[in-house]
Q: 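Before I ask anything, here is the structure I am working with.
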Amino acid sequence: MADDTFMGVKRDLIDWHPTIDYSKCDFCMECDEFCPHKVFERREGDPKLVVANPHNCVVFCRACAKTCGPDAISFPGKPETIAAIKKIREAGG
Amino acid sequence: MARKYAILPCNGLDKLQGPLSREVALALVEETGGEIVCPVLLNSARPRYEKILGELPLIIIDGCGTKCASKLAGSLNLKVDRKVLIADEMKTSALTPEDSLSLGPAGLEFAKALATLLAEDMPEEPSADLSADFDSPVEYTSVTHDKFIFRIPAAGFHFNENDCWVRVKGTRARIGVSDYVQQNLTDISYFGPPIVGREIGQFDDAGTVESVKSTMDVISPVSGKIVAVNTALVDNPEIINEDPYEKGWIAELELTDFESDRELLIDGAAYGEIVKKKAAEAQH
């Protein structure tokens, strides 16, 4: 999905993806089971779950965070992301 | 006068969201006269609640994302009318409860404010449909990918790339999900309405639609105040499958700044191209 765009902006220029707080995550894997876009990836080592494909994440979707019991997943602010997208568009990105 | 609900709250004891759920439930009972359903007792002695669950619509107040109360309701095949997730409400509320299992003044205030908001959105009688403006007929075009045909309104609708549409009449707008969403989810079995009276920003969540296949947050194409939701979808969420652009509308908003919002919206033709691309990617 590297050549993907969102609202005319190259997806990899948009900073929107989940961040895992490993001090809270209990590796229940609910988020990975929920997300159909393969944003997360399970690993043998430590940590057992990583955000492997951040740009597969659907911009403005936060649904995986709502499956997280320990509230270990965070996203950037939507207003900031909207402003950043508009700025890139104005610059012709 | 608010409608009475059976209220099934999270019973968590080890996280702040548990006591908050309980407090919201208690405040809702105070405001509406509904009945609390204890999840522990429900799980071990369902007959205790058979009468209440038979007579009253059910609202679930989940504490954290584990959603034990929702899972319990699902395992008992209870029909759910509304769901609230405290962890999510905490992110959108201006009030920040103290990080303590024993609720402090801010926690109590948060619970009271949320209960008031919910009670105001539980009218005894559904409000009259004020939305005759949106009755004009819609003409459709379609795009195809492989054997799939996706309907798209020919004009008068704007889309975001999150597969949600908006139809604007003056300062009012209706929002909903596209035909692509309903085909992707297949049979929609639950509609979680947004709270009427709440102000939302563009791309904020405005309800959920669920099928056995998946759950999708409705991502609002516009900013504004939610002034109505399509209550018909609560009992009959399959209307979204049948008619996603007209009878299956999700919510109505009083717009805040549509001129600014539309910078990040596209028309039906451009959305059709995106649908074709998404459908192709979904096959791989």
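Side chains included, hydrogens not; waters and symmetry mates left out as well; all remaining heavy atoms used. Letters A, B, ... mirror the listed sequences (proteins, then strands); counts begin at 1.
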Q: Heavy atoms only: give me the nearest C64(B)-G69(A) pair and the separation to one decimal.
A: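 It is CB-O, 3.3 Å.
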Q: Counting only heavy atoms from other residues, nucleotides and ligands, does the tally under 6.0 Å from NZ of K87(A) exceed 12?
A: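 Atom NZ in K87(A) is not crowded, with 12 or fewer foreign heavy atoms closer than 6.0 Å.
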Q: Measuring only between side-chain heavy atoms, which start at C-beta, is I85(A) closer than 4.5 Å to E263(B)?
A: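 No, every pair of side-chain atoms sits at 4.5 Å or beyond.
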Q: Against chain A, work out which of D217(B), D62(B), T208(B) has the most heavy-atom pairs shorter than 4.5 Å and name it.
A: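 Most pairs with chain A among the choices: D217(B).
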Q: Indicate yes or no: at least one non-hydrogen side-chain atom of E30(A) is less than 4.5 angstrom from one of T66(B).
A: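 Side-chain contact under 4.5 Å: no.
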Q: Is the count of non-hydrogen atoms from other residues, nucleotides or ligands lying under 6.0 Å from R22(B) atom CZ greater than 12?
A: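 Atom CZ in R22(B) is not packed in, count stays at 12 or less.
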Q: Output the residues of residues 70-79 of chain A for which the shortest heavy-atom distance to chain B is under 4.5 Å, in residue-number order; output 'none' if no such residue exists.
A: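 Within residues 70-79 of chain A, the residues that come under 4.5 Å of chain B (heavy atoms only) are P70(A), D71(A), K78(A).
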Q: Are S260(B) and K86(A) packed together at the side-chain level, in the sense that at least one heavy-atom pair is separated by less than 4.5 angstrom?
A: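 Yes, close enough: below the 4.5 Å cut-off.
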Q: Could you give the distance from CD (E281(B)) to CG (N56(A)), rounded to the nearest 0.5 Å?
A: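 Nearest 0.5 Å value for the CD-CG distance: 9.0 Å.
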Q: With a 4.5 angstrom heavy-atom cut-off, is it the side chain or the backbone of L85(B) that approaches chain A, or both, or neither?
A: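 Contact with chain A is through the side chain of L85(B) alone.
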Q: Is the number of heavy atoms from other residues, nucleotides or ligands under 6.0 Å of D26(A) CG greater than 12?
A: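 Yes - once you tally the heavy atoms of other residues, nucleotides and ligands closer than 6.0 Å, there are more than 12.
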Q: Might you point out which heavy atoms bring E161(B) and M7(A) nearest each other, and give the distance in Å?
A: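 Distance-wise, the nearest heavy atoms are OE2-N, 2.7 Å.
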Q: So what's closer than 4.5 Å to chain A heavy atoms on I274(B): side chain, backbone, both or neither?
A: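 Contact with chain A is absent: no heavy atom of I274(B) under 4.5 Å.
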Q: Can you give me the closest heavy-atom contact between F34(A) and T215(B), atom names plus distance?
A: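 Smallest heavy-atom distance, with atoms named: CZ-O, 3.5 Å.
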Q: Answer yes or no: is there an ion pair linking K66(A) with E210(B), defined by an N-O contact shorter than 4.0 Å?
A: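 A salt bridge is absent here (no side-chain N lies under 4.0 Å from a carboxylate O).
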Q: For K213(B), does the NZ atom have more than 12 heavy-atom neighbours from other residues, nucleotides or ligands under 6.0 Å away?
A: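 For K213(B), atom NZ is crowded (more than 12 foreign heavy atoms under 6.0 Å).
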Q: Heavy atoms under 4.5 Å from chain A: which residues of residues 87-97 of chain B carry them?
A: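 Listed by number: D88(B), K91(B).
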Q: So, taking the atom named CG in N162(B) and the one named CZ in F60(A), what distance separates them when rounded to the nearest 0.5 Å?
A: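 So the CG of N162(B) and the CZ of F60(A) are separated by 7.0 Å.
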